[in-house]
Amino acid sequence: MFDLLIKNCVPYGMSSCMDIAIKEGRIVQIEQNIAREAAKECIDAANCFIAPGFVDSHMHWDKVFTMNTDESCSLDEAIRRFQDYCNALTKEELKRDIKGRAMRLARSAVANGTTSARSHANIDETTGMAGIEALNELKQELKDVIRLQITVLPNFPDRDANRYGFGDLENVLNEGLADFVGGAPFFNTHAENEKILMRLFAIAEKFALPIDLHVDESDAPDVHCLETIADLTLQYGFTGKVSCGHCTAMNAVDEATRNRVIEKCHKAELNIISLPSCNLFLMGRNDAQPIRRGITTIKEFMAAGVNVAIASDNIRDPFRPYGNGNMLEECLLTAQLIQASRIQEFNDVYRMGTYNAAKAMILDGYGIEKGCRADLVIFDTPDLQETLLSQGTKRIVIFGGRVVSSTEKNTVSCIDAAK
């Protein structure tokens, strides 16, 4: 007998109504007219669209909901403001504070259909271990509700390569508190940038972990960091295991440089993670007209066959005063920013927040095929295009074959139950 049967749904990639049977957290059957009696629980999707859960592959759960709306911040100002916020609390107060704010974000993200997320967590003189410890506790508490991966982010940012916190980074990794090795070396000079990156790759190789970096988040025509990462990825044999977030400087370089670097990214199988909503807010502040949109060269990367994902990044903190942890919202904004208008382009954008992001997070068994994990979202709309354009309601969110969020009445909040 199946654990859960979803009747009358239109699965992503299909045009007709099907039934989906789930057992032990996995999809075991997709076909028409599966008998209701074959399942312990049955959901009627009422001929609506169903898709794999959203994957938010670049977030900052330790910073969420710390915004000060007195004035708009540049990137450097936002960094200082967050440091001030942390310095006003003891490390124990900060840990409790981070955990409480991150739990609030988890509620919103799950309700909005996110089933997997990856968060950076600072370790530096300001935050100490508060963020990494708080998010690891939350990761365990919410393991039956959302899959959380953690990228350890040392000394963000420290312009001195000799103070980059490699010792703290290795301590965190020795304790098994991170899934990815992170960093933001683009703040440094080219020479220091290379030293930091070589050390980060060596550490990642030592601990057999993939890499997730902040890269070239700038309006300046300088993509040395991204190009160096592509070279090192090939040198260390890390193809497919390196994510590069932001990469906004790609819009400032000349065409020859852009094409050269894109080709290197393709060869190294880098995952480019664009943060459209956050970089639209932060970038281009010193431009005279025309003002750049602030996002990376999404279409050019895609045309070259590079895996491109999108993510929420910062949510209601000094870096960006907006956001709900809603990847469908991010998809619609991205579609407008890259001027998508055809059905295939809508599909491409949707995949940036689902399949492409899952590839960047190296998720096992992601999708809506037989054998995949049953991490699914049932919408109130008939197809992908209408879901994107109308911002369809996420009627039911399923994680590991279990309903974790529903708009139906009398549904217990699984996040509250997990606390």
Side-chain angles (χ1 to χ4, degrees), residues 57-58 118-121 123 132 149-158 160-217 222-247 249-250 257-274 296 301 304-309 311 356-364:
S57 55
H58 181 123
R118 182 168 64 190
S119 175
H120 295 265
I123 53 167
I132 202 83
Q149 293 180 347
I150 298 173
T151 297
V152 59
L153 182 56
N155 282 24
F156 174 72
D158 196 323
D160 184 350
N162 296 317
R163 298 180 62 251
Y164 207 72
F166 294 115
D168 291 338
L169 172 59
E170 292 209 37
N171 288 339
V172 167
L173 299 180
N174 272 319
E175 294 181 33
L177 298 178
D179 304 289
F180 285 75
V181 174
F186 72 92
F187 284 105
N188 302 81
T189 66
H190 286 188
E192 290 182 325
N193 178 320
E194 292 176 9
K195 290 179 185 177
I196 292 168
L197 283 171
M198 289 180 68
R199 185 73 181 273
L200 291 174
F201 269 83
I203 290 172
E205 183 180 52
K206 175 182 176 181
F207 288 92
L209 287 175
I211 296 171
D212 177 22
L213 301 168
H214 287 64
V215 180
D216 298 333
E217 188 179 7
D222 184 355
V223 292
H224 176 268
C225 185
L226 180 58
E227 188 165 13
T228 302
I229 290 167
D231 291 338
L232 288 172
T233 298
L234 291 170
Q235 179 182 324
Y236 278 84
F238 266 53
T239 52
K241 299 178 181 178
V242 179
S243 292
C244 299
H246 299 290
C247 306
M250 284 291 285
T257 301
R258 183 166 57 248
N259 291 342
R260 182 185 75 244
V261 174
I262 287 176
E263 177 55 33
K264 284 190 175 186
C265 292
H266 178 254
K267 188 175 181 181
E269 297 179 28
L270 296 185
N271 301 294
I272 303 299
I273 303 178
S274 180
T296 193
F301 275 123
V306 177
N307 186 52
V308 179
N356 296 8
K359 183 178 180 181
M361 284 180 56
I362 318 178
L363 297 184
D364 173 54

Say whether, by atom type as modelled, one donor and one acceptor occur between the side chain of [X] and the main chain of [Y] under 3.5 angstrom.
X: Asn307; Y: Asn356; result: yes
X: Thr151; Y: Gly182; result: no
X: Arg118; Y: Ala360; result: yes

List the atom of [X], the atom of [Y], and the distance in Å for their closest heavy-atom pair.
X: Phe166; Y: Leu200; answer: CE2-CD2, 3.9 Å
X: Pro185; Y: Gly183; answer: CD-C, 3.4 Å
X: Cys225; Y: Val215; answer: SG-CG1, 4.1 Å
X: Asp212; Y: Ser57; answer: OD2-O, 4.5 Å
X: Ala268; Y: Ala230; answer: CB-O, 3.7 Å

Can you label the angle between the Tyr236 ring and the Phe201 ring as parallel, tilted or perpendicular, going by 30° and 60°?
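Plane angle between 30° and 60°, so tilted.
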Taking the inter-plane angle between the rings of His58 and His246 on a 0 to 90° scale, is it parallel (under 30°), tilted (30 to 60°) or perpendicular (over 60°)?
perpendicular
Does any non-hydrogen side-chain atom of [Y] lie less than 4.5 Å from one of [X]?
X: Asp179; Y: Met361; result: no
X: Glu170; Y: Phe207; result: yes
X: Val181; Y: Leu169; result: yes
X: His214; Y: Leu153; result: yes

Could you tell me the separation between the [atom1] atom of [X] and the [atom2] atom of [Y], rounded to the nearest 0.5 Å?
X: Thr296; Y: Asp216; atom1: OG1; atom2: CG; answer: 9.0 Å
X: Ser274; Y: Phe301; atom1: OG; atom2: CZ; answer: 9.5 Å
X: Thr228; Y: Glu194; atom1: OG1; atom2: CD; answer: 5.0 Å
X: Glu227; Y: Asn193; atom1: CD; atom2: CG; answer: 11.0 Å
X: His120; Y: Gln149; atom1: NE2; atom2: CD; answer: 11.0 Å
X: Phe180; Y: Leu213; atom1: CZ; atom2: CG; answer: 11.0 Å

Please check if atom NZ in Lys241 has more than 12 non-hydrogen atoms from other residues, nucleotides or ligands closer than 6.0 Å.
no
Verify the neighbour count for atom CG of Asp364: are there more than 12 heavy atoms of other residues, nucleotides or ligands below 6.0 Å?
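Incorrect, the count does not exceed 12.
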side-chain contact (heavy atoms from CB on, under 4.5 Å) between Phe238 and Glu205, intermediate numbers included
CA-CA 9 Å; Phe238 266 53; Glu205 183 180 52; 4.3 Å; yes
side-chain contact (heavy atoms from CB on, under 4.5 Å) between Ile150 and Ile132: does it pass, once the steps are laid out?
CA-CA 8 Å; Ile150 298 173; Ile132 202 83; 3.6 Å; yes
Can you tell which of Thr233, Asn271, Leu226 makes a side-chain contact (heavy atoms from CB on, under 4.5 Å) with Cys265?
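Output: one option passes, namely Leu226.
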If you apply the rule side-chain contact (heavy atoms from CB on, under 4.5 Å), what do you find for Val152 with Leu177, and how did you get there?
CA-CA 8 Å; Val152 59; Leu177 298 178; over 6 Å; no
